[in-house]
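The block underneath contains the structure these notes are about, expressed in C-alpha cells.
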Amino acid sequence: MIRFCFRSQSILVAVIVMIAALAFAPPARSELRIDITRGVVEPVAIAIVPFDGGGGDTGRIGGDIAKVISADLERSGLFRPIDANAFLQTNLSMDTPPKFADWRVLNALALVHGRVTVADDGRLKVEFRLWDVVSEQQQAGLAYFTAPGNWRRIAHIIADAIFKRLTGEEGYFDTRIAYIAESGPQTRRVKRLAIMDQDGYNHRYLTDGTDLVLTPRFSPTLQELAYIAFSDGLPRVFIRSLENGRSEAVGSFPGMTFSPRFSPDSQKLIFSMATDGNTDIYTIDLRTKATRRLTTSSAIDTSPSYSPDGRQIVFNSDRGGSQQLYVMDAEGGEARRISFGQGKYGTPVWSPRGDAIAFTKIAGGRFAIGVMTPDGSGERIVADGYDVEEPTWAPNGRVLAFFRKEPTDAGGGGGRSRIYSVDVMGRNEREIPTPGDASDPAWSPLQP
Amino acid sequence: MLRPVLAAVAVILLLVGCESTPDTPQPTTTTSSSVGSGSTGTGADGGVSRYGSSMGSGAGVGGVQQQGIGGGRGPAQVAQELVGVGDTVYFGFDSYALDSSAQATLDQQAAILLRNTGVSVVVEGHTDERGTREYNLALGERRATSVKDYLVAYGVSPTRIRVVSYGKERPIAFGDSDAAQAKNRRAVTVVSGGSPSS
C-alpha cells in the first residue's frame, strides 16, 4: 500500500510544461476521435509503452506509470490496451518519432510513451507523448513535475489528458472515492469513513468505527466531506476536512439532521431534519450559519441535491402517497413531480453536467440505479440488484458509481456489499476494489 | 450506562390473572403475595433474572408482574419490566401506524413508565432494508415518534422520552423473507437513564 500525504498533492503537482513545441509535427486535427455519446463503442486499441527511466528508481516508476495509465483507460471501457509483449519497437525515444509501421501492424490506433527523470531540485519529471498511429501526428505532449511519492497521481493525470484528447470529454481518473467501509455482524455493523483513489489504491480509513457513520458527500470545491455520524446518540450532519482531519457538527438543531449535500459553490449545505415525526429540507449557510426551511409538507421530504447551476434542487418526497422525485426552485416554492414510472424513487443526484438526474428505484422487490433528464423524461435503468443504492457521479457526468448489497441469509451471513462503476448508458459495469464490504460511495471532483 | 440497583427494594409479587386481555390498559391483579422484603446488595439482580424468565415475552397475558412499593424502581428493573411486557412494537410496510397489538404493548409500557416517573427512555425507530437509506432514517423517526406520541397521550411526560432513528442500520432478522423484513420494522423502548422515584 502506498502512503502519501494528501496535503502535499495539490502543492507539488506543479503542472504543466507544454512540450508540443518540440514535437516533430504540429498538432493537427485527426480522425482518431472517440464519440462516447454514441450507443455502442468499440474500444480503441491503444499501445502504452513503459516509460523510459533516467537512472535510479525512475525505470521502475516509468513501468508502473504505464501500467496505471493502461488500467485507467481499460476500465473506462473505451480503450483496449495492447499487450506489451506484442510490441515490436522497443527503442522508443522522446527525441525521435516512433516507427509508426511497427505500431500499425499491431492495429494500434494510438500510441503513448514517455520518460521519467529526476529534476535538479529532486522532483520527478514525467513527460509523455500521445500519437495518432494512422495519421502519424502527435496528439499531446506534456511534462509534469512532482514529488517522487506522487507518481501514481501523475499517471492518473496523464490518463485524463489522453482521455480528454481522444474523447473531447473531461477525464475522471485523477479523483478519489469516499465511502463507508463495513465490517462485523449485521446486527451491530461497524461502519467507518474511508477514502481511496478511484482505482482503489491509496486506501485509508478516516474514522475508527466508534460512531456509526453514513453517506459521505464531497464538497464540489473544497477538500471536505459532509456525512452522518451517530455520536452522542443522535444522528447529525458533520463536515470533515480532508486537509486536517477535523470534524465538526453542522449547526445545532433540535432533531436528527441527515442527507447532506453541498451547494455547487460549497457555501451552503442542503440537508433534512426530522422533528416530531416530520422530515423537511433545510439549508444552512456554512459561514453565517443562517438556516432556511425549504419544505413544509407533513410528508418525508429528503435526499435533496442541487442542480450544477445552483438554481434548482431535486429531492424525494412521499407527499403524493409514495416516495417520488420532485424538482423545486432552490429557494423553495412549488415542487414539480418528475418521476412517474412504476415503483418508488429515491436519492436523486443531479449530474455535474446538468443534463441528467441519477436515482435509486425500488420496484417489484428489486432495487435499480437509473438516470432520467431533469424534466423526468428518458428514464433508463443502468444497474439493478437486490439492493443497489447511492448513485454518485464521476465529475465528467459520464460514469456513475453505486453500491450493491447481496441479501443476507437467514443466519445473518452473506450480505456482501461492494462499490461498482457503470457508464451512463448502463454499460461497462466494474467492481471498484475495496478491502472489505463497502457502501455509500461518493465520487470526488477532479483534484485541484 | 444503567446504574446498578443496590438499594433495598421491597417487592410484592403480583400474580396477574389469566383473564387479562392485551387491550387492558393496566394489568389486572387477582391475587398478591409478599415474597419478602429488605433484599440488599446485588439481590435485585437475581430477582430481575427470575422475573424475566418467569415472564417470558408475553405481552401481559397472564404471567407475573412485579411492582415496586414505596421507593420506586431503578432503571435496570424498569428496563427488565419493559422487556417483560414487550419493549418492541411492529409496523406494516412503509407504515408508522400503531395497530391494536402495538397499542396494547404501549399501554403496558405507559403503565410502567407512569409508575416509575424517575426513569427516562429512548424510543429507537427501525425499518426493514427495502427502502433507501435516507428515506428509512426519516421513516424510523416517524415510527419512534408514533410511539412517543402514544406514550405522551397516555400521560407520560414528553421530557422523559427521546427518539432516535436507526433507519435500516440495526436489523435483528435476516434473509430476504417477508417475515424477516417484518421483524425489522419496529420501535424499541429502551431505558436511557434515571433513578428510583418515590
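Just so it is clear, the values below take in all heavy atoms, side chains as well, and ignore hydrogens, waters and symmetry mates.
Per-residue heavy-atom pair counts under 4.5 Å with chain B were compared for A:Gly346, A:Ala274, A:Ser322, A:Pro407, and the maximum is reached by A:Ala274. If you tally non-hydrogen atom pairs under 4.5 Å between each of B:Val122, B:Leu137, B:Val163, B:Asp149 and chain A, the highest count goes to B:Leu137. If you tally non-hydrogen atom pairs under 4.5 Å between each of B:Gly167, B:Gly125, B:Ala138, B:Ser177 and chain A, the highest count goes to B:Ala138. No other option in A:Thr302, A:Asp276, A:Thr360 has as many heavy-atom pairs under 4.5 Å with chain B as A:Asp276. For chain B, the option among A:Glu389, A:Lys191, A:Glu390 with the highest count of heavy-atom pairs below 4.5 Å is A:Glu389. Heavy-atom pairs under 4.5 Å with chain B were tallied for A:Asp440, A:Asp301, A:Thr279, A:Ile228; the largest tally goes to A:Asp440. Contact count versus chain B (heavy atoms, under 4.5 Å) is highest, among A:Ser259, A:Gly413, A:Gly365, for A:Ser259. If you tally non-hydrogen atom pairs under 4.5 Å between each of A:Gln323, A:Arg189, A:Gln186, A:Met256 and chain B, the highest count goes to A:Gln323.
Heavy atoms of B:Thr145 lying under 4.5 Å from chain A belong exclusively to its side chain. Contact of B:Glu124 with chain A is not made at all, since no heavy-atom distance falls under 4.5 Å. Contacts of B:Arg162 with chain A are made by side-chain atoms alone, with heavy-atom separations under 4.5 Å and no backbone atom involved. With a 4.5 Å cut-off on non-hydrogen atoms, B:Asp94 touches chain A through its side chain but not through its backbone. Heavy atoms closer than 4.5 Å to chain A are found nowhere in B:Tyr96, neither backbone nor side chain. If you measure heavy-atom distances from A:Asn316 to chain B, the contacts under 4.5 Å come from the side chain alone. Residue B:Ser165 touches chain A through both its backbone and its side chain, counting heavy-atom pairs closer than 4.5 Å.
Shown here for B:Leu139 and A:Ile300, the closest heavy-atom pair between the two residues is N-CD1, 3.8 Å. Among all heavy-atom pairs drawn from A:Thr187 and B:Arg170, the shortest one is O-CD, 3.1 Å.
By the 6.0 Å and 45° rule, B:Arg130 stacks over the aromatic ring of A:Tyr386.
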**OP:** Test A:Arg261 against B:Glu134 for salt bridge (Lys or Arg N to Asp or Glu O under 4.0 Å), laying out the working first.
**Re:** CA-CA 12 Å; A:Arg261 287 193 195 273; B:Glu134 290 173 346; 5.4 Å; no
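In this structure, CD on B:Glu141 lies 7.0 Å from OG1 on A:Thr275, to the nearest 0.5 angstrom. Atoms CZ and CD, from A:Arg188 and B:Glu169 in turn, are 12.0 Å apart once rounded to the nearest 0.5 Å. Separating the OG atom in A:Ser298 from the CZ atom in B:Arg142 is a distance of 7.5 Å, to the nearest 0.5 Å. Here CZ of B:Arg133 is found 5.5 Å from CG of A:Leu214. Values are rounded to the nearest 0.5 Å. In this structure, the separation between CZ on A:Phe258 and CG on B:Asn136 is 10.0 Å, given to the nearest 0.5 Å.
Sparse packing is recorded around CG of B:Asp178, with 12 or fewer heavy atoms of other residues, nucleotides or ligands lying under 6.0 Å away.
Under the 3.5 Å distance criterion, with hydrogens and angles disregarded, no donor-acceptor pair is assigned to the side chains of B:Glu129 and A:Thr408.
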